[in-house]
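No experiment lies behind these values; they were computed from the predicted model shown.
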Amino acid sequence: MNLTPFLVYWLCGLVLVACALRELRARRWAHGAFWAILAAIFLLGDAIKSAAAHGDVLPEQLAGIGVIALGLIAGFLRRAPVADSAQDRERRTASAARLGHWLFVPALVIPFGTLAFTLLQPIVRVGGIAELGRADATLLALALACVLATFAALALTRARAGDAVNETGRLLDALSWAALLPMLLAMLGAVFATTGVGEAIAHITAAAIPVQSRLACVLAFAAGMVVFTVIMGNAFAAFPVMMAGVGLPLLIGQHHAQAAALGALGMLTGYCGTLLTPMAANFNIVPAALLELRDPNGVIRAQVPTALWLLAINLVLIWFCAFP
């Protein structure tokens with residue numbers, strides 16, 4: 001059997017099915033329906049794409065109705081009450097003291113495992129991995145690293161597989177609909193790029209700044225990445241718009257910037273905006289709610305100095321690294 005990106009979506013779908021069943025057993029019907037609809041979209045994505053390729057648009061329309069249903073149900077989602085007894089707190093404290101810094105190992109397995117699997121992809125001769133494109137191979141590498149991290153966490157904590165499902169459900173319950181924001185906002189960026197927002201930005205930029213100045217174009221690109229990220233809540237949504245509007249026509253086409261360096265540093269610049277916006281709810285608003293902070297914008301306020309310093313450093317890096 002060849003390994004394809006659809007296996008990643010099926011794996012996500014199975015996890016969501018388990019979370020939906022967990023919520024239904026608890027008689028939390030809205031939550032169960034929410035994760036069940038999302039699971040169906042993940043599991044049936046291959047069939048929907050295949051039907052669309054053969055001219056059958058009904059599955060795509062049903063998927064669209066499912067997305068609308070997710071938006072309607074999201075307003076009814078509430079975090080489940082947490083029974084936190086003194087015995088539970090003592091158990092967690094003892095477990096944390098026993099494991100110490102080893103707790104970070106499963107988390108580190110994900111980035112380092114993704115990097116290792118990606119680098120090994122061209123020489124792997126099983127499952128058709130070597131024939132995958134770079135984007136598909138990276139997605140598959142991330143999924144394999146997450147599976148490996150799950151096994152590492154189970155081995156380290158001596159927990160059962162059912163505990164992983166329960167903790168996944170608990171985390172999704174805490175994040176609620178905000179867990180979908182990165183995907184939805186990334187799609188929003190693609191929609192903006194397809195509908196010509198990037199070209200409109202290009203015309204506005206050409207009229208507002210001296211495009212023959214490399215410095216002016218760099219500042220416009222960086223500022224646009226930050227502002228659009230603040231508005232849309234995600235650098236993935238801002239990137240296609242600013243790259244189409246400023247990056248490709250001006251920095252790469254006119255000033256001959258290196259595309260790879262500009263793309264990497266441009267995304268990092270957009271993350272400065274992520275630190276500053278309540279639209280990035282899963283990063284900045286949900287943690288404040290989970291920690292029961294008095295100031296709902298406390299996370300953002302704490303991140304402002306980091307965002308500004310990082311923005312200044314990124315401007316310097318773009319200037320010296322993106323241009324040969």
Side-chain angles (χ1 to χ4, degrees), residues 1-20 22 35 38-39 41-43 45-46 49 95-96 99-175 178-187 189 234-237 239 260 263-268 270-271 274 280 282-283 286-287:
M1 181 183 66
N2 289 339
L3 295 176
T4 69
F6 289 111
L7 293 176
V8 179
Y9 304 137
W10 294 338
L11 178 61
C12 294
L14 292 176
V15 172
L16 291 170
V17 167
C19 294
R22 175 180 179 271
W35 301 119
L38 186 61
I41 294 175
F42 271 93
L43 292 172
D46 193 4
K49 183 177 179 180
S95 178
L99 296 173
H101 294 306
W102 287 100
L103 281 170
F104 293 99
V105 170
L108 293 175
V109 166
I110 297 176
F112 287 109
T114 302
L115 177 61
F117 288 137
T118 301
L119 294 177
L120 291 174
Q121 180 255 338
I123 62 175
V124 175
R125 301 301 176 189
V126 297
I129 294 178
E131 287 74 33
L132 290 175
R134 177 58 66 184
D136 291 343
T138 303
L139 178 61
L140 188 60
L142 175 61
L144 293 174
C146 289
V147 172
L148 185 61
T150 301
F151 283 116
L154 293 176
L156 183 67
T157 59
R158 302 169 190 170
R160 300 169 299 176
D163 295 328
V165 175
N166 288 331
E167 289 303 306
T168 300
R170 185 183 63 81
L171 180 60
L172 286 178
D173 180 60
L175 291 174
L180 305 187
L181 273 180
M183 290 183 290
L184 295 177
L185 293 173
M187 289 302 300
N234 194 295
F236 289 102
F239 184 77
L265 292 171
M267 282 295 294
L268 187 58
Y271 296 150
T274 303
N282 51 331
F283 292 106
V286 171

Considering non-hydrogen atoms only, spot the tightest contact between [X] and [Y] and give its length.
X: A145; Y: G113; value: CB-C, 3.8 Å
X: G45; Y: F6; value: C-CE2, 4.4 Å
X: G13; Y: A39; value: O-CB, 3.6 Å
X: A141; Y: T114; value: CB-O, 3.7 Å
X: L154; Y: R160; value: CD2-O, 3.3 Å

Does the side chain of [Y] come within less than 4.5 Å of [X]'s, by heavy atoms?
X: V147; Y: L11; value: yes
X: L148; Y: F112; value: no
X: T274; Y: N234; value: no
X: W10; Y: D46; value: yes

Any chance you could measure [X], atom [atom1], to [Y], atom [atom2], to the nearest 0.5 Å?
X: L171; Y: C19; atom1: CG; atom2: SG; value: 9.0 Å
X: T118; Y: L142; atom1: OG1; atom2: CG; value: 8.5 Å
X: L120; Y: L115; atom1: CG; atom2: CG; value: 9.0 Å
X: L14; Y: L43; atom1: CG; atom2: CG; value: 5.5 Å

ask   = For F236, does the CZ atom have more than 12 heavy-atom neighbours from other residues, nucleotides or ligands under 6.0 Å away?
value = no
ask   = Among D173, L16, V17, whose side-chain contact (heavy atoms from CB on, under 4.5 Å) with W35 holds?
value = L16
